[in-house]
Amino acid sequence: VTAAQVLRRFLPSVLVTLGYWLKFGCFVSPRAEVDFTPNVSIGRRTKISSFCKIKAAVGPLTIGADTSIGAGCFIGAGGAATTIGDDCLISPHVTILASNYRYERLDVPIQEQGQTSRGVRIADNVWIGAGAVVLDGSEIGQGAIIVPNSVVSSRVPANAVAQGNPAKVVFTRR
Amino acid sequence: VNQRLTQVLCDVLDLDPAVVGPNLTRDEVDQWDSLNHLKVVTAVEEAFDLKLTMQEIESVDGIARLIDLLEAHDRL
C-alpha cells in the first residue's frame, strides 16, 4: 500500500480542496477525488468538478491554467507524463487513460502482467466532448475539438474536429 | 443540381438523390446537424477542390447557398 493510496482513502476531501487552492490557486471540488501527491501540478484558476476521480500515484500529471474539467471525469495518469494544456474544456464523463495492461502471457492473469505507459498529451485550448475516451499514447493538438463519445487512440492534429472510434478528422477549423 | 454535388450530399447525409433540389434547406433534413454540416463542407471542399472561410461555411443554410458559393468560386 503506497502513501498515495492511504491519502486517497483517508485524507478528508475538504483538505484536498484547500491544499490545492493554497498550492496552485486552482479549484478542486470537495466532491471530487483527486490524489494529493507531488506528481500533480495544476494551473491557476483551473476547475475540477464534482465526482471526478484523478489518479496520479505512479506518474506525473500536469494540468494547465484556466482549464475546466467537468463532472464525473476520470483521469488515470500512468508512468509516463500526462499533460493537459491551458484553456482546455473537458466535458463531463470524459475518460483519460494513460496506461495499458500488458497481456503477452496466457498463463498469467492480465492484472499480474504489469502495465505500460506512453503518456497522453493534450495541448492548449482543446475541447473534448462529453463521454469521450482518450487512450494511452494519444496526442491532441492545439485548438482541436473531440466530438462526444469519440475514442482517441492516436494523434489528432491542431484545430481538427475529430469524431468516431477511432477518432478521425471530419473538419479542420480555420 | 450538379451531379457531383448531389452525389456528395447523398453520401454524407444519406439522402435519396430524388429529394436533392436547389430549394432543399438544412431545416428540412433531420440529419443535417452541426456535425454533419462540417462533414458536408469538408466533402464539398474535397470534391470541388476549394477552401471556404468560416463565415461562408456558417452561411450555408441549404443547397441554394452551396451552389451560390461554388459558382462564386468558379467551381460550377
Side-chain angles (χ1 to χ4, degrees), chain A residues 66 68-73 85-96 122-135 138-174, chain B residues 1-2 4-17 20 24-76:
Chain A
D66 297 294
S68 166
I69 298 183
C73 289
D86 299 337
D87 298 302
C88 289
L89 294 164
I90 315 281
S91 303
H93 292 282
V94 166
T95 302
I96 299 171
I122 298 172
D124 298 341
N125 191 29
V126 168
W127 176 23
I128 303 183
V133 178
V134 181
L135 296 173
S138 299
E139 202 173 321
I140 304 179
Q142 189 167 345
I145 298 174
I146 308 301
V147 172
N149 276 333
S150 299
V151 178
V152 179
S153 53
S154 57
R155 193 177 161 274
V156 174
N159 297 324
V161 177
Q163 184 207 22
N165 177 8
K168 295 249 168 34
V169 176
V170 294
F171 182 74
T172 302
R173 298 174 61 211
R174 55 200 78 173
Chain B
V1 178
N2 175 288
R4 198 151 35 132
L5 181 58
T6 305
Q7 187 61 47
V8 165
L9 290 164
C10 291
D11 286 350
V12 177
L13 298 171
D14 198 21
L15 291 174
D16 178 355
V20 177
L24 192 70
T25 64
R26 249 181 96 170
D27 293 341
E28 292 168 307
V29 183
D30 288 342
Q31 61 272 34
W32 199 338
D33 57 16
S34 59
L35 181 62
N36 275 336
H37 188 62
L38 299 180
K39 290 183 182 175
V40 165
V41 168
T42 304
V44 168
E45 284 181 338
E46 276 172 14
F48 291 90
D49 188 30
L50 82 164
K51 195 95 175 164
L52 299 173
T53 65
M54 213 59 215
Q55 283 90 336
E56 286 172 326
I57 291 167
E58 282 166 12
S59 75
V60 174
D61 52 3
I63 291 172
R65 177 69 183 141
L66 263 180
I67 293 169
D68 285 350
L69 284 171
L70 289 171
E71 281 172 350
H73 286 84
D74 290 327
R75 293 301 194 279
L76 282 183

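The sequence lines fix the lettering, A, B, ..., with proteins before strands; numbering per chain opens at 1.
In this structure, the separation between CG on B:Leu38 and CZ on A:Arg173 is 10.5 Å, given to the nearest 0.5 Å. Here B:Lys51 contributes atom NZ and A:Thr172 contributes atom OG1; the two are 5.5 Å apart, rounded to the nearest 0.5 Å.
Using a 4.5 Å cut-off between heavy atoms, A:Val170 touches chain B through backbone and side chain atoms alike.
A 4.5 Å side-chain heavy-atom check between B:Leu35 and A:Phe171 finds every atom pair outside the cut-off. Within the 4.5 Å cutoff, no side-chain heavy atoms of B:Thr53 are placed close to those of A:Arg174.
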